[in-house]
Amino acid sequence: MGDLFQNLVLSIPGYTYSVNYNNDGRPTFYHSPQCETITGYNPEEYQSDPDLWSKMIHEADRAYTLRFFKDVAKNKKRKPIEHRIVTKDGSIKWVMNDHVVETDENGKVVGESGVIVDITERIIAERKLADANKELELLYKASAEAENRYKL
């Protein structure tokens, strides 16, 4: 079963992670090897710096994203979030983070796990499409105005 699970984790077009909160309150982390492809950081770097994930969040998205995760942990509702990260080499990527909160029988949060997918190409394509639509609207308006101007 271990090989099957490992093969499934490695086949995901993103990276998986989990955080488990021990009885002493200290978290233990798992980040699949694909984290390095997306962020530039390897699993050992996440292990050595528990705050690395929050440090990577783009400054403009940090307050919203951290508040989002606090609210999800409190409300225990699954909901994906899209935000920017700054990778190890300084480039900016958009990611989608979808995770679930795990609770014990008393409702206390004991862990979280999820998947992070690089959606940068999708965001760029959406923005190009929106820009193209704006240009088409302007051309249509200009064409309609010109047509109305020359009607007798």
Side-chain angles (χ1 to χ4, degrees), residues 1-140:
M1 185 68 168
D3 288 341
L4 174 61
F5 177 74
Q6 185 67 17
N7 288 337
L8 285 171
V9 166
L10 294 174
S11 71
I12 295 171
Y15 81 85
T16 59
Y17 66 91
S18 65
V19 181
N20 294 302
Y21 303 104
N22 301 323
N23 290 336
D24 63 3
R26 293 179 351 138
T28 57
F29 301 93
Y30 167 80
H31 290 268
S32 68
Q34 298 98 311
C35 65
E36 192 165 5
T37 303
I38 294 176
T39 69
Y41 295 98
N42 64 47
E44 294 77 24
E45 290 172 290
Y46 284 97
Q47 288 291 344
S48 66
D49 184 357
D51 295 324
L52 179 57
W53 75 272
S54 62
K55 293 175 185 175
M56 288 183 350
I57 300 169
H58 190 279
E59 184 179 329
D61 299 344
R62 188 170 292 130
Y64 165 77
T65 303
L66 294 176
R67 186 172 50 255
F68 172 89
F69 280 102
K70 182 178 179 183
D71 289 346
V72 168
K74 182 175 69 176
N75 299 325
K76 301 171 188 72
K77 294 181 181 177
R78 181 178 182 180
K79 183 179 174 185
I81 183 174
E82 296 178 355
H83 63 86
R84 291 168 289 181
I85 62 169
V86 180
T87 65
K88 188 174 185 175
D89 70 5
S91 61
I92 296 172
K93 290 185 178 181
W94 278 92
V95 296
M96 187 273 305
N97 187 336
D98 193 2
H99 81 292
V100 294
V101 175
E102 301 161 32
T103 58
D104 65 12
E105 61 277 355
N106 299 317
K108 179 183 174 188
V109 174
V110 295
E112 301 175 45
S113 57
V115 63
I116 294 178
V117 178
D118 181 351
I119 60 168
T120 305
E121 289 182 18
R122 189 199 85 203
I123 297 293
I124 291 169
E126 287 174 351
R127 289 184 175 170
K128 286 181 179 179
L129 181 60
D131 290 345
N133 282 335
K134 286 178 187 175
E135 285 183 43
L136 284 172
E137 287 177 23
L138 291 173
L139 287 171
Y140 177 78

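As the structure is a computational prediction, the values presented were derived from the model and not from experiment. In what follows, every heavy atom counts, from backbone to side chain, and hydrogens, waters and symmetry copies are set aside. By convention here, the first residue in the shown sequence is residue 1.
- Rounding to the nearest 0.5 Å places NZ of K93 at 7.5 Å from OG1 of T39.
- Atom CD of E59 is separated from atom CD1 of I92 by 10.5 Å, given to the nearest 0.5 angstrom.
- A donor-acceptor pair under 3.5 Å is absent between the side-chain atoms of N106 and the main chain of K108, judged by distance alone.
- Between W53 and F69, the two ring planes are perpendicular [angle over 60°; tilted spans 30° to 60°].
- Nearest heavy atom pair, residue P27 against residue N22, reads C-ND2, 4.5 Å.
- Residue pairs meeting the side chain to side chain donor-acceptor pair (under 3.5 Å) criterion with at least one partner in residues 81-90, sequence neighbours excluded, are E45-K88, D61-R84, E82-R122, T87-D89, T87-S91, D89-S91.
- Classification of the Y64-F68 ring pair by plane angle, with boundaries at 30° and 60°, yields tilted.
- Annotation for D104 and V110: closest pair CB-CG1, 3.8 Å, computed over non-hydrogen atoms.
- Here the CG atom belonging to N97 is positioned 9.0 Å from the OG1 atom belonging to T65, to the nearest 0.5 angstrom.
- Rounding to the nearest 0.5 Å places CZ of R62 at 10.5 Å from CE of M56.
- Aromatic ring pairs are classed by plane angle as parallel below 30°, tilted from 30° to 60° and perpendicular above 60°; the pair Y41 and Y46 is perpendicular.
- Side-chain N/O atoms of E112 and Y17 include no donor and acceptor closer than 3.5 Å.
- Proximity of a side-chain donor or acceptor of Q47 to a complementary backbone N or O of F29 within less than 3.5 Å is detected.
- Between Y21 and G111 the shortest heavy-atom distance is CD1-N, 3.6 Å.
- For the residue pair I38 and I116, the shortest heavy atom distance occurs at CD1-O, 3.5 Å.
- To the nearest 0.5 angstrom, L129 atom CG is 9.5 Å from L136 atom CG.
- Pairing each heavy atom of N42 with each of E36, the nearest pair is CB-OE1, 3.4 Å.
- Taken to the nearest 0.5 Å, the CD1 atom of I119 stands 10.5 Å off from the CD1 atom of I124.
- The shortest non-hydrogen separation linking P43 to P33 is CG-CA, 4.1 Å.
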